[in-house]
Each structure stands twice: as structure tokens, then as C-alpha cells.
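Read through the structure below, which is laid out as C-alpha cells, and then see the notes.
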2 protein chains.
Amino acid sequence: MSDTQGQVRRGYVRPLDLKHGCVDLSHGSGGRAMAQLISELFAKHLGNEYLGQGNDGAVLPAPTFGEKLVMSTDCHVVTPLFFAGGDIGCLAVHGTVNDVAVMGATPLYLAAGFILEEGFPLADLVRIVASMARAASEAGVPVVTGDTKVVERGKGDGIFITTTGVGVLPAGRVIGGARARPGDAVLVSGSLGDHGVAIMSQRENLRFDAPIASDTAALHGLIAVMLATGADIRVLRDPTRGGLATTLNEIAGQSGVGIMLREKDIPVKPAVAAACEFLGLDPLYVANEGKLICICAASDAERLVAVMRSYPLGCDAARIGEVIADTHHFVQLTTAFGGKRIVDWLAGDQLPRIC
Amino acid sequence: MSDTQGQVRRGYVRPLDLKHGCVDLSHGSGGRAMAQLISELFAKHLGNEYLGQGNDGAVLPAPTFGEKLVMSTDCHVVTPLFFAGGDIGCLAVHGTVNDVAVMGATPLYLAAGFILEEGFPLADLVRIVASMARAASEAGVPVVTGDTKVVERGKGDGIFITTTGVGVLPAGRVIGGARARPGDAVLVSGSLGDHGVAIMSQRENLRFDAPIASDTAALHGLIAVMLATGADIRVLRDPTRGGLATTLNEIAGQSGVGIMLREKDIPVKPAVAAACEFLGLDPLYVANEGKLICICAASDAERLVAVMRSYPLGCDAARIGEVIADTHHFVQLTTAFGGKRIVDWLAGDQLPRIC
């Protein structure tokens, strides 16, 4: 036991300076400073009965017999950390809640791992954790366990957050990228490209007349409403990195089908379209954080679109194309001018660190 | 669709150069380069039926009715990435398997999130992922889902790995930091400080006559053997960051008890003790990655120690102290010379980025 340890032993421990203080290496050391960061910051905002157990892992009620578990994980490295419409904190909740929900599962629990850079302002950490707590509470999915590590200045970038979600899937429900078949309809829940363009305009310091905000949102409520219709939903997926184009290419490959889109039916906000033009981006490749793609039996499509439109997060839902037989597994687009083009995978790195 | 995208469209895609290649930003973009990294590297080593589903989340068999879930997450930022006895890959598996196992649960599934720095050698990534795969396979706990992000050069430090584990706890089993009571015995499964000293000697470029290797290992097998004895096990915990001292202080606080240790009974390898002397470290505060603390009913202590010793990972198990009544919740040590000292929380940052 060193002298330094002796000096603070059992003595008065100053509360964290959450206004002007910074993260230092001791906050990741496993000792008293870390315990203080957890109790005065993380537990204060995220606290719940599970997180409060204070053990190496959280003990949680298990789902009922006969159901399946769904597990998903996502690292969040978005820059800037704060952007129009959200921040890395709520994004880390929404992203993982959505990844669990698009499997048709009800998200139950989140785990959160924080990698902090030495010198990161505690005030920013408070904003991020509070935003995370708000998003988790609104979604009804508690953060039940967590971990914090600190790396030296210059060895990280402020904060990275990895969230992992666990959910429960009712017996017999099978939704997945391999289930699309020719004749199915392709739906989207709303306009495309909002998140990526919000991030990019902020990075490039662009101002537009109509401000563009990220669409970051938890989609499990919308998905529950869609599933409750009893419609034959084959695939659900949230088109994040790589956007609609990349996600549909993945699905086409998994299902062994082609997809034919109608450009005129794909919802893109005029401001987003204009910004994309300016930034040299194609909205079909730009990330979304609060939108979903749904592939369903054609006979259920109109009914599903109507239900989605009755729900705020789906108010701009649209039927944008069809699944076709195609041994090349191409995604194609009928352009507004009546031509056709292939919508390929994103090849390069259109937008680094978008989520 | 840009020209660059057009050029590689449907054409021949060169395999990754796993010997001389490096991670670049496109490997985190969600497009074709990322799909290639996943199929040629991650899936090749870690592949299993769940990871192979290729959706946003993995669908998994749920545990049986009446059991509880345990969930735990850990970020791994250890430096150096490769050290005597292990590397960040196997460490990321062992660390999370152990956090689930010390709750008394059987670890079932792992999720893995990778944050890679642009320029990180693919050859190192292969070594790490292969080591992870070996550790997961040996532990019988598959990596069922994952995510990869890439940050720009200078915004990370090679590789960070966050693993999250899910396990199942039999109905009625309650093990946790709040269950120690006066009279209980304190056991450790083996010698202390090996991991931290292995890391620190490598960082400081020290060579000792007897090489010191990390003890990184998965403890769920040992724990299963201990639980099978039917002994009244109140607390299990793996003393990682902050070492034995910090972990016991946590437990003392959670249970509202004191703990009295006997220095002479605490196993520390002579080489580790010598290295600690040289490096100015106290082995009681140094991290372990393959050791556990067990607090159990005194009447079961000798039987448990005997069982632990019959198992390779517990061959140096020892009874090192007792739980006592103490309203201050002190951890104390009877020294080899017969004196007493308080073993306090780790206050500063003894060893940054040890795991």
C-alpha cells in the first residue's frame, strides 16, 4: 500500500467535478476513482435494479420457455459526438435496440462498454450518459451491466461506446435476410439519408436553409405494430452503414434473388437530396439510424404501409420496389427518366465513422 | 453510384493480403471491403452456425424455463497486444467468460465488437482473431455475433475488443458480492499477480531469470467443479484490475463485513514477488486474469480447497483469510512479522491498460 493510497484512505473523497473535470487514467484502473465515476455518474443516470446489483455480471429474469434469444452488438465511434438530432449516447442505444428488433425480437437488456480517452471532459460524458439513459428509458430497455476503460491521450478519440443487446423471439417467428422471394414487396419506413447527411454537414460545417437532423430512433415500437398485423414479414433490416443500397445487396445475396426499385417512390427529403448533391453523396448509400426496410408478401404490402404510416416513426413509409428472380442477385433501379441502373454494393468508404 | 463503385462492380475482388496488408477505413464502412474482412478473416476463424446466420443479430436457443440469464461486458484495451502467456484476443474471451462464470452461471454465448485503427496490420489481426477463436473453442462458448469499426490513424491504438457474455444461472443459485458473512473463509485459486507483472515486465522491457507469463484462462470449468461439490459458496469473483485488495474491499463494502487475511498464506510466485519489488508494485493490487476468489462457509473451506487443487487451474489454491464483523468494512492483513495493516482500495492508477 503506497503513501498515496494511505493519504486518501477512509478520508473525505472530493466529489467528481462534473463541470470542469476531465477523465484521467485512474478512472479506468479498477480502484476508488473508478468506483466514484461509476457511482456519481453512470449509476446516477443509468441506475436500475440490475445495474445496482454491483457484481461482475447482471442476473436477469430469463425469457419464457420455448422462445429464442437474440443477441447483437455494435461499436459506436461516430464523430462528431454531438450532432443535430442526437449524440453518440442515444445512438448507441437506438442502434443496438434496432439490431435486436429487426430480428423480430423484443429487446430486453443492454450492456454498455465505454472506452474513454484521458482528458475527455466529464461534462461531455455526463451529457452523453444522460442522453443514453433517456433513450434507454424511452425504449424501455435498461442498461443492466457495463464496463469502463481509459486509454492515454492520443490513443483514443474522446469516447467509444459498444452496446450489446439481448432480446427474446417468440417461438415460430422467423425473420431474416435469407427469406425474401420473388414477388415480395420492398417497403421503407421513411425518408432516406437523414442521419448521414446530418453528420456530414456538421463535419463540413455546412448550414442549409432547412436544418437536417439525424433520424436516430428506436424502431421496436413500430416493428411491434407491424408484427401485430399478422402480415407475412420476411425480412426486416435497418439500413445503417452503406445505406439502402448496401443493405438490399446483402439481402439479395442472402436470399439468392434480385431486387427492382422505383427511384420515384424512394422517399428522400428535398433538403437531404440537395445536401447530397452538394456533398457528392448518393442518398441510397447514406446511413440511416431510425429507418427500416421491410420485405413482405406482396398481398400484405399495402396494409403494412398503411399501418406504418399511422405510426409517427413510419409516417413517410413507402413501397419502393419488388423482389425478382435474378441469378446475379442484382439490385436495380428504374430511374425517374425510365432507364435502369444497377445499384451495387458500396465499394469504397463513402462516410467513415458515421455511427 | 460513383465510378469507383462501378470499377469493382461484379468484377474480380482481390483476396485480402493477410500477410502484408493493413486495415483501412473502408473495412469499417459497411460496404464490400467490410464484407470481405468478415468473410475472409472473422468468419474463417470464428465461424459457427450462429455467426453464420449473417443477420443484424444472432438467433440463439434460449435457456430452459425457470433459469435466469446473466449478462456481462468488458472492454479490452491491453497494451502490449501480445504478451507472455497470451494476447488481447484470448484475454477478451477469458475475461468475459469469467465475469459470467463467477456469477455461478454457465457461459453460453459471446458477442465481440472490434474497434480497429487505420493501418493496423492484418497479420496481427489474424493472430488475434485466431487466438480468440481458439480460446472460445476451448471454453466451449461461441462468438455468435460481432461488429467492426475502423477509426482514423491516431484516433485509436491498434485494436480494442469489447466482449459481452450471456450465460444461464440455475434456479435458486445465488452467488454475489453481498453474501459474505462473518466466519466465512476466503480462498484463492492460485498465485497472485502473474498477469499484471507479465504485462509490466514486457512494457518495461525487463527480463527475469524465470520468465513470468500471464495466467489468462477461462475459469468456468474450475467453477463448475467447485459448485458440483454442493459447498455453500457465497461469493466468487475474479480479481482483475485492482487485484485481490480492491476486489476484497468491494466485497467487504457490499456485504457490510470486514476481512482478515494472513500474508503468509497468500500464494505469490517468488519470481512475481521479486519483479514486484523491482517494479515498485504490491502483488495484492496487481491484476490477475485466471484466478478467482471464493468466499464460502468455513465448514466447506478445506473440502473446496482440496477439490480446487485437484484441478489444474486451481493447483495452488489456498485458504488465505476469514470474513469478520467490522462496521468499518476494512480489509486487513496479518503480516509475516505478526503485525497488522489495512489493505485499502487502490487509489491511484497503479497499472493502466492492464486488460
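Keep in mind that what you see is a predicted model, and the values were worked out from it rather than measured. Every chain is numbered from 1 and lettered A, B, ... according to where its sequence line falls, protein lines coming before strand lines.
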Does A:Arg32 form a side chain to side chain donor-acceptor pair (under 3.5 Å) with B:Asn249? I'd like the steps, not just the answer.
CA-CA 10 Å; A:Arg32 178 168 279 164; B:Asn249 269 285; over 6 Å; no
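Of the two parts of B:Val150, only the backbone, made up of N, CA, C and O, holds a non-hydrogen atom closer than 4.5 Å to a non-hydrogen atom of chain A. Residue B:Ile161 does not touch chain A at all, counting heavy-atom pairs closer than 4.5 Å. Both the backbone and the side chain of B:Met71 come within contact range of chain A, with heavy atoms under 4.5 Å apart. No part of B:Asn98 comes within reach of chain A, as not one of its non-hydrogen atoms sits under 4.5 angstrom from that chain. Of the atoms belonging to B:Thr96, not a single heavy atom falls under 4.5 Å from chain A. In this structure, chain A has heavy atoms under 4.5 Å from both the backbone and the side chain of B:Val166. Only the side chain of B:Thr246 comes within less than 4.5 Å of a heavy atom in chain A; its backbone stays farther off. Looking at B:Val59, the atoms closer than 4.5 Å to chain A (heavy atoms on both sides) sit in the backbone and in the side chain alike. Only the backbone of B:Phe114 comes within contact range of chain A, with at least one heavy atom under 4.5 Å from a heavy atom of that chain. Only the side chain of B:Glu250 has a heavy atom closer than 4.5 Å to any heavy atom of chain A. B:Ala287 does not touch chain A: none of its heavy atoms, backbone or side chain, sits under 4.5 Å away. At a 4.5 Å heavy-atom cutoff, the contact between A:Thr148 and chain B is made by backbone atoms alone.
Put simply, the side chain of A:Glu117 does not reach to within 4.5 Å of the side chain of B:Lys155, judged on heavy atoms. Considering only heavy atoms from C-beta on, A:Thr162 stays 4.5 Å or farther from B:Thr73 through its side chain. With contacts defined as side-chain heavy-atom distances shorter than 4.5 Å, the pair A:Glu118/B:Pro352 does not qualify. In this structure, A:Val77 and B:Ile115 have side chains that are in contact, with non-hydrogen atoms separated by less than 4.5 Å.
Rounding to the nearest 0.5 Å places OG of A:Ser29 at 11.5 Å from OH of B:Tyr285.
Checking side-chain atoms of A:Asp147 against main-chain N and O of B:Cys75 turns up a donor-acceptor pair under 3.5 Å. The backbone N or O of B:Ala62 lies less than 3.5 Å from no partner atom in the side chain of A:Glu67, so there is not a single donor-acceptor pair.
Between chain B and the residues A:Thr247, A:Asp157, A:Leu69, the largest count of heavy-atom pairs under 4.5 Å involves A:Leu69. Of all the listed residues (B:Thr145, B:Thr164, B:Val70, B:Asn55), the one sharing the greatest number of non-hydrogen pairs under 4.5 Å with chain A is B:Asn55.
Not a single salt bridge (Lys or Arg N to Asp or Glu O under 4.0 Å) links A:Glu289 to another residue, sequence neighbours left out.
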